[in-house]
Amino acid sequence: MDLQWVLIFGGLIVWLSGNLIGRDVPSGVLGNIIAGFIGSWLGTGLLGPRGPVIGGFHIIPAIVGSIIALLIFFALARGGSFRRRLTKRGGNRYRRS
């Protein structure tokens, strides 16, 4: 029973964090749960155990850590913020955007 609550709240924390930054986590529910565990670990390590505990997660550090983890993930997945994408213009021509 406890494992079910941990999985549910881990997914909900990242879903809330994703909505706050306006992005969705790839891999659906499984990606949300994994990112929830990583974000909770990161946030608790940075901020310490603060705030209410639900499902084994300290809510405030877990949300802050999940936002940080998602921002790092999206920056790495995009190849960094300085990398430009090539967009198809027509035919085989590409232009920098």
Side-chain angles (χ1 to χ4, degrees):
M1 184 72 169
D2 290 333
L3 179 63
Q4 291 173 343
W5 286 113
V6 168
L7 295 176
I8 289 170
F9 284 114
L12 286 175
I13 286 170
V14 175
W15 173 78
L16 177 64
S17 300
N19 283 336
L20 289 173
I21 64 171
R23 293 241 171 129
D24 195 15
V25 177
S27 303
V29 175
L30 183 61
N32 279 345
I33 292 170
I34 292 170
F37 286 127
I38 294 170
S40 177
W41 172 78
L42 181 66
T44 303
L46 292 173
L47 301 175
R50 299 173 194 238
V53 177
I54 298 176
F57 293 101
H58 294 278
I59 298 300
I60 296 168
I63 291 172
V64 171
S66 294
I67 290 172
I68 293 170
L70 289 177
L71 290 174
I72 291 170
F73 171 76
F74 289 126
L76 292 175
R78 221 175 76 182
S81 60
F82 300 108
R83 184 176 172 186
R84 293 184 177 175
R85 275 190 265 168
L86 295 176
T87 57
K88 197 165 186 177
R89 233 168 73 177
N92 288 331
R93 299 166 136 185
Y94 288 92
R95 65 178 171 94
R96 292 201 180 267
S97 61

Closest contact, heavy atoms only, [X] versus [Y]:
X     : Y     : result
Ser40 : Ser66 : N-OG, 4.4 Å
Gly10 : Phe57 : N-CE1, 3.5 Å
Gly39 : Ala69 : CA-CB, 4.3 Å
Pro49 : Thr44 : N-CG2, 4.2 Å

With hydrophobic residues grouped by side-chain heavy-atom distances under 4.5 Å, do [X] and [Y] end up in a single group?
X     : Y     : result
Ile38 : Leu76 : no
Ile60 : Leu16 : no
Ile63 : Leu71 : yes
Ile59 : Leu7  : yes
Val14 : Ile34 : no

Rounded distance [0.5 Å steps], [atom1] in [X] versus [atom2] in [Y]:
X     : Y     : atom1 : atom2 : result
Ile8  : Ile33 : CD1   : CD1   : 8.5 Å
Ile67 : Ile13 : CD1   : CD1   : 11.0 Å
Leu20 : Leu70 : CG    : CG    : 10.0 Å
Ile54 : Trp5  : CD1   : CH2   : 10.0 Å

- Decide if the gap between the ring center of Phe37 and the ring center of Trp41 is smaller than 6.0 angstrom.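 No - the distance between ring centres of Phe37 and Trp41 does not fall below the 6.0 Å cut-off.
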- Determine whether Phe74 and Ile21 make a side-chain contact, defined as any pair of heavy atoms from C-beta on separated by less than 4.5 Å.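 Side-chain contact under 4.5 Å: yes.
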- Query: Are Val53 and His58 side-chain neighbours, meaning at least one heavy-atom pair lies under 4.5 Å?
  - Reply: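 Answer yes - side chains close enough.
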- For Leu46 and Val64, what are the C-alpha separation, side-chain angles and deciding distance, and is it a side chain to side chain contact (heavy atoms under 4.5 Å, CB included)? CA-CA 9 Å; Leu46 292 173; Val64 171; over 6 Å; no
